Protein chains: 2
Amino acid sequence: MKKNITIDDVAKYAGVSRQTVSRAINNMNGISEKTRQRVLATIEELGYRPSRLARGMASNQSKTIGLVIGNILNPAHSEVIRGLETMAQTVGYNVFIRTTNYVRDAEIETINALISENVDGIVLSSTHLDLQTVASFADKNLPIVVVHRNMSAPNLTSITTDIERATQSLIEYLIGSGHRKVGLLTRPGDQENIFHVKGYKKGFQSLGLEVNSNWIMQASNTNLEAAHRTTKQLVTRNPDLTAIVAYNDMMAIAAMHACRDMGLNVPDDISVIGYDDISVAAHVFPALTTLRIPSFEIGQLAMEQLLEMIKTPDIIYPPTLLDIELVLRGSTKSRQIAALSH
Amino acid sequence: MKKNITIDDVAKYAGVSRQTVSRAINNMNGISEKTRQRVLATIEELGYRPSRLARGMASNQSKTIGLVIGNILNPAHSEVIRGLETMAQTVGYNVFIRTTNYVRDAEIETINALISENVDGIVLSSTHLDLQTVASFADKNLPIVVVHRNMSAPNLTSITTDIERATQSLIEYLIGSGHRKVGLLTRPGDQENIFHVKGYKKGFQSLGLEVNSNWIMQASNTNLEAAHRTTKQLVTRNPDLTAIVAYNDMMAIAAMHACRDMGLNVPDDISVIGYDDISVAAHVFPALTTLRIPSFEIGQLAMEQLLEMIKTPDIIYPPTLLDIELVLRGSTKSRQIAALSH
DNA sequence: AAAGTTTGCGTGAGCGCTCACGTAGTTTAG
DNA sequence: CTAAACTACGTGAGCGCTCACGCAAACTTT
């Protein structure tokens with residue numbers, strides 16, 4: 001058992017006071033350059049590492065933030081985590097990751113738990129909570145960054161993409177390229193609260209077309225099996241669909257699989273579109289057309305914003321809106337003029 | 001700013017001493033059932049949550065463990081993390097995740113950093129470090145569980161699968177089903193240290209066949225682009241391969257893509273096999289034949305073992321070896337007798 | 001040259017817990 | 001009926017830091 005070297009050991013060894021060592025490691029002033037060098041040298045020599053726990057206790061800053069996320073299996077989520085963690089590591093912060101399986105109450109409980117664990121801030125991914133509830137948690141001592149949802153309040157900001165508008169554009173694009181009957185494979189939940197659904201409907205409406213509610217189908221879960229099953233139902237119910245817009249790339253891959261199972265060729269019989277542009281999207285067959293969400297960047301920016309808010313609280317930081325880009329690949333095909341004349 | 005309720009507040013309110021409150025929340029004895037109930041009631045009433053930091057300071061147990069992993073992008077790794085975290089959450093432990101990009105020195109530095117952050121234990125995934133180095137970190141105050149590598153020492157154990165043996169069996173199976181020229185798409189590193197390569201060679205040797213070193217190709221990286229590129233080179237160099245064994249499912253998917261790009265049909269012209277059985281493997285086209293690694297279970301067991309070691313140190317815990325199962329899907333096809341007569 | 005200002009350092013307190021004791025009151029053993 | 005052994009609490013110390021001071025020495029200013 002290695003004895004732990006404390007700040008007092010360093011102080012004694014360097015012949016200075018505890019506080020002077022503290023000044024050296026925290027780059028505070030009130031210490032001469034000469035002393036600082038000497039202290040840093042002894043720190044190096046003794047292999048001293050300050051205790052995160054003690055620091056947290058004394059300063060009321062744990063250098064830890066919490067991430068509350070539905071699940072971590074989707075590679076797009078992993079990208080967000082990676083962005084967050086990359087940023088966090090460079091500034092010496094830790095991340096507690098907590099999964100909620102998208103259960104609302106679990107989110108609240110998790111946030112409370114994180115507070116009691118003295119986190120300095122929280123990143124909430126795709127929360128189900130409303131602005132008021134989230135804002136009630138946000139505090140000068142607990143800034144919150146919400147990801148994938150647009151929110152703003154004191155000590156609360158967000159990093160988002162405009163899924164609704166991007167989906168509307170996508171629908172307009174699909175219709176413009178000859179599609180008429182476009183299915184939507186989406187997640188469970190109240191349709192009024194799903195940007196994916198709202199944008200889909202707006203797309204049709206903006207072109208003066210009717211939306212057939214049979215074309216919208218919500219999987220019971222965002223996993224691949226549910227997506228596969230639901231796509232089969234969707235296609236069975238609407239055999240004349242020429243395109244399916246999935247909720248994300250993972251579900252889109254399962255949707256393509258389901259189409260194959262139903263004897264449909266992608267993209268000749270039916271086009272499939274996903275969201276995220278996860279790394280496999282370009283490698284599956286057919287390669288998946290997708291709306292690229294900059295997940296890594298979202299994670300990075302979330303951490304950056306959170307750090308800003310920790311440093312300077314009580315300011316209202318404007319939400320960040322990142323662009324979504326349509327990446328055309330082999331899973332989509334335009335319909336010929338014949339269809340347009342219809 | 002909500003004032004933090006401390007243990008002293010609870011003590012005062014319940015009319016007992018600090019220590020009695022501590023006894024109540026930690027289920028220690030030396031407290032009557034009646035008092036315990038009363039204390040727990042006031043805790044509930046005041047909404048008291050003990051500070052993880054203070055607890056850690058006082059007890060020298062931070063209830064936090066560290067995970068050192070190469071990257072988190074592979075869904076198989078996410079599964080390990082999920083298993084670890086699921087287990088951790090049920091016992092109130094936190095996990096610090098640190099990525100190293102598979103750099104050896106980063107591993108050492110990361111372990112040191114985690115130690116200074118007072119973690120109670122460490123899980124090392126696919127480490128490059130040798131037994132001696134890892135064992136030198138392991139300590140009664142810092143048990144270590146190594147995942148995907150077989151190691152054992154005091155306060156050090158491992159959860160693994162026998163990749164070498166499974167690969168050998170796979171090769172034997174492939175040859176048994178008529179394949180003769182089997183390519184290996186593997187990761188960078190010294191071939192002597194890659195179980196994947198060792199098992200591959202053993203498979204041929206056990207059947208008295210020559211291994212052609214041209215059939216082995218190491219991607220410069222484990223990402224999809226490198227796998228795609230390397231597969232093309234592998235196929236170009238050996239146009240007569242009838243099967244490719246990839247390092248994992250992600251790389252196998254990229255390999256299938258590369259084969260298509262080269263005008264080869266999978267599985268008619270060439271079979272492709274991966275490892276892990278990640279969730280998309282069953283949904284890509286053709287569905288991927290793979291050696292299933294129980295990643296979630298590995299994560300769970302790693303956490304369980306670590307908790308055991310934290311509770312009862314200085315015992316040698318035997319390594320755990322989990323089974324690998326061959327999952328046959330559409331990406332493989334046996335070669336006909338014609339090939340066997342060769 | 002006296003007074004004010006800055007610079008460089010040290011000291012005590014305390015963050016919120018747990019640990020190792022101490023001490024009454026109660027039960028058990030001989 | 002008394003000594004020994006619990007049971008149910010309370011008390012002081014301390015984990016390793018930072019914060020808010022305090023206080024000399026050096027450096028300006030008028």
Side-chain angles (χ1 to χ4, degrees), chain A residues 1-40 42-43 46-64 92 115-120 141 310, chain B residues 1-40 42-43 46-64 92 115-120 141 310:
Chain A
M1 154 165 193
K2 310 128 192 158
K3 198 197 136 243
N4 258 337
I5 300 127
T6 75
I7 197 170
D8 286 305
D9 298 330
V10 178
K12 202 180 300 173
Y13 203 89
V16 294
S17 77
R18 212 180 331 127
Q19 185 57 25
T20 299
V21 178
S22 178
R23 278 188 265 258
I25 53 183
N26 293 305
N27 283 312
M28 302 161 75
N29 40 19
I31 178 172
S32 71
E33 195 48 35
K34 202 190 291 180
T35 327
R36 160 170 285 132
Q37 291 307 330
R38 185 157 46 91
V39 171
L40 292 178
T42 38
I43 285 173
L46 299 181
Y48 164 72
R49 299 250 191 180
S51 155
R52 188 179 46 82
L53 256 40
R55 275 183 143 171
M57 270 255 76
S59 67
N60 205 24
Q61 284 236 339
S62 63
K63 294 272 182 188
T64 300
I115 293 174
S116 85
E117 307 205 16
N118 318 84
V119 295
D120 295 342
N141 290 309
I310 290 171
Chain B
M1 154 166 194
K2 310 129 192 156
K3 197 195 136 244
N4 259 336
I5 300 128
T6 76
I7 197 170
D8 286 305
D9 298 329
V10 177
K12 201 180 301 173
Y13 203 89
V16 295
S17 77
R18 212 182 330 128
Q19 184 58 22
T20 299
V21 178
S22 179
R23 277 188 266 257
I25 53 183
N26 293 306
N27 283 312
M28 302 161 74
N29 41 19
I31 179 173
S32 71
E33 194 49 35
K34 201 190 290 183
T35 326
R36 162 171 284 133
Q37 291 308 330
R38 184 157 46 91
V39 171
L40 291 179
T42 38
I43 284 173
L46 299 181
Y48 165 71
R49 299 250 192 180
S51 154
R52 191 178 45 82
L53 255 41
R55 274 182 143 171
M57 270 254 76
S59 67
N60 204 25
Q61 284 236 339
S62 63
K63 295 272 181 188
T64 299
I115 293 174
S116 85
E117 308 206 16
N118 316 84
V119 294
D120 295 342
N141 291 308
I310 290 170

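To find a chain, count down the sequence lines: A is the first, B the second, and so on, and within it residues start at 1. Computed from a predicted structure; not experimentally measured. Worth knowing before you read on, the calculation uses all heavy atoms, side chains too, and leaves out hydrogens, waters and symmetry mates.
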**Q** Rounded at 0.5 Å granularity, tell me how far CG in B:Leu40 sits from CG in B:Asn27.
**A**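 Going from CG on B:Leu40 over to CG on B:Asn27, the span is 8.0 Å.
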**Q** When you measure from the side chain of A:Arg52 to the backbone of B:Val119, do you find a donor-acceptor pair of N or O atoms at a distance under 3.5 Å?
**A**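 Absent.
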**Q** Do A:Ser116 side-chain atoms and B:Arg49 backbone N/O form a donor-acceptor pair below 3.5 Å?
**A**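 Answer holds: no.
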**Q** Between C:dT18 and B:Asn26, is there an OP1 or OP2 to side-chain N/O distance shorter than 4.0 Å?
**A**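 It does, given that an N or O in the side chain of B:Asn26 lies less than 4.0 Å from OP1 or OP2 of C:dT18.
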**Q** Atom CE of A:Met28 to atom C1' of D:dT18: distance rounded to whole Å?
**A**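 To the nearest whole Å, that distance equals 8 Å.
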**Q** Let me know the distance between CD1 of B:Ile25 and P of C:dC17, rounded to the nearest Å.
**A**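 In whole Å, C:dC17 P lies 7 Å from B:Ile25 CD1.
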**Q** Can you find a side chain N or O atom of B:Ser22 that sits less than 4.0 Å from OP1 or OP2 on C:dT18?
**A**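 Yes, such a contact exists.
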**Q** Any side-chain heavy atom of A:Val16 within less than 4.5 Å of one from A:Val21?
**A**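 Counting from C-beta outward, A:Val16 and A:Val21 do come under 4.5 Å.
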**Q** Given 3.5 Å as the limit, does a donor-acceptor pair link the side chain of B:Arg38 with the main chain of B:Ala14, or not?
**A**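 Yes: the side chain of B:Arg38 pairs with the backbone of B:Ala14.
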**Q** Enumerate the residue pairs fulfilling salt bridge (Lys or Arg N to Asp or Glu O under 4.0 Å) with a member in residues 14-26 of chain A, sequence neighbours excluded, ordered by first and then second residue.
**A**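 Checked against salt bridge (Lys or Arg N to Asp or Glu O under 4.0 Å) - neighbours excluded - the pairs reaching residues 14-26 of chain A are A:Asp8-A:Arg18.
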**Q** Could you run down nucleotides 9-16 of chain D 5' to 3' and tag each one B, S or - for protein heavy-atom contact under 4.0 Å?
**A** BBBBBBBB
